[in-house]
K.L.:
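Dumping the structure here so I can ask a few things about it.
These numbers come from a predicted model, not from an experiment.
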Amino acid sequence: QVQLVESGGGLVQAGGSLRLSCAASGRTFRSFAMGWFRQAPGKSRDFLAVIILSTGSTHYHDSVMGRFSISRDNAKSTVYLQMNSLKPDDTAVYYCASAPKFSRSIQDYQYWGQGTQVTVSS
């Protein structure tokens with residue numbers, strides 16, 4: 001089992017920034033990659049970014065390329081999502097998840113955090 005806990009969400013004005021954290025514990029050696037997803041009310045859960053824990057290689061959805069940045073601190077077993085130039089459309093619950101392989105597909109992610117709410121006001 002891998003336990004994931006997100007933090008760092010909150011209310012921010014449009015144009016502002018937030019940094020989300022995802023702390024992992026348990027059998028973290030089972031995680032090859034960590035991803036960030038988000039789900040707005042009434043919508044599906046969407047992929048945002050993924051990072052390979054060993055190499056730091058990253059991949060982003062086009063919608064957040066250049067605004068969001070995923071990083072990791074393996075010593076702290078923590079993955080981050082730096083979000084800049086936030087827009088009201090970024091309002092959603094943000095989730096981190098772990099996968100045994102590099103993937104953009106939600107079905108490949110085995111363990112999920114509880115989510116953290118991000119609200120961007122106009």
K.L.:
Show the nearest heavy-atom pair for residues T78 and S21, with the distance to one decimal.
P.N.:
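Smallest interatomic distance, heavy atoms only, reads CG2-CB, 4.2 Å.
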K.L.:
When you compare the side chain of V64 with that of M83, does any pair of heavy atoms fall below 4.5 Å?
P.N.:
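Contact flag for M83/V64 side chains = no.
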K.L.:
How close do G115 and V93 get, heavy atom to heavy atom, and via which atoms?
P.N.:
CA-CG1, 3.8 Å
K.L.:
Mind listing the closest non-hydrogen atom pair of R67 and L86 along with its distance?
P.N.:
NH1-CA, 3.9 Å
K.L.:
Rounded to the nearest 0.5 Å, how far apart are NZ of K101 and OG of S103?
P.N.:
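K101 NZ to S103 OG: 5.5 Å, rounded to 0.5 Å.
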K.L.:
Any side-chain heavy atom of I106 within less than 4.5 Å of one from W112?
P.N.:
yes
K.L.:
Drop me the distance from C96's SG to Y80's OH, to the nearest 0.5 angstrom.
P.N.:
12.0 Å
K.L.:
Which heavy atom of S122 sits nearest a heavy atom of P88, and at what distance?
P.N.:
CB-CG, 3.9 Å
K.L.:
Under 4.5 Å between any side-chain heavy atoms of Q117 and T91, yes or no?
P.N.:
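Answer yes - side chains close enough.
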K.L.:
Please examine the side chains of V118 and R38, heavy atoms only from C-beta on, and report whether any two atoms are closer than 4.5 Å.
P.N.:
no
K.L.:
Less than 4.5 Å apart, side chain to side chain, heavy atoms only: is that true for F68 and S63?
P.N.:
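No - every pair of side-chain heavy atoms lies 4.5 Å or more apart.
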K.L.:
Under 6.0 Å from the ring centre and within 45 degrees of the ring axis: does the NZ or CZ of R45 meet both conditions for the six-membered ring of F37?
P.N.:
no
K.L.:
Within the structure provided, determine whether Q3 and V5 are in side-chain contact (heavy-atom separation under 4.5 Å).
P.N.:
no
K.L.:
Check whether more than 12 heavy atoms from other residues, nucleotides or ligands sit under 6.0 Å from atom CD of Q107, and answer yes or no.
P.N.:
yes
K.L.:
Looking at Q82 and R19, would you say the former's side chain and the latter's main chain have a donor-acceptor pair under 3.5 Å?
P.N.:
no
K.L.:
Would you say Y109's side chain and W36's backbone share a donor-acceptor pair under 3.5 angstrom?
P.N.:
no
K.L.:
Measuring from F32:CZ to M34:CE, what's the distance to the nearest 0.5 Å?
P.N.:
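With rounding to 0.5 Å, CZ (F32) is 13.5 Å from CE (M34).
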K.L.:
Show me the donor-acceptor pairs, under 3.5 Å and distance only, between side chains in residues 47-56 and residues at least two apart or in other chains.
P.N.:
| unit_1 | atom_1 | unit_2 | atom_2 | d |
| --- | --- | --- | --- | --- |
| T55 | OG1 | S57 | N | 3.2 |
| T55 | OG1 | S57 | OG | 3.1 |

K.L.:
Tell me the disulfide (SG to SG under 2.5 Å) pairs involving residues 46-77, sequence neighbours left out?
P.N.:
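For residues 46-77: none.
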K.L.:
For the pair D46 and S44, evaluate side chain to side chain donor-acceptor pair (under 3.5 Å) and give the outcome as yes or no after the intermediate values.
P.N.:
CA-CA 6 Å; D46 295 330; S44 61; 3.0 Å; yes
K.L.:
Quick one: OH on Y94 to CD on E6, what's the gap to the nearest 0.5 Å?
P.N.:
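Here the rounded value is 12.5 Å.
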K.L.:
For residues R72 and V79, report the shortest heavy-atom separation together with the two atoms involved.
P.N.:
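Nearest heavy atoms, R72 then V79: CB-CG2, 4.0 Å.
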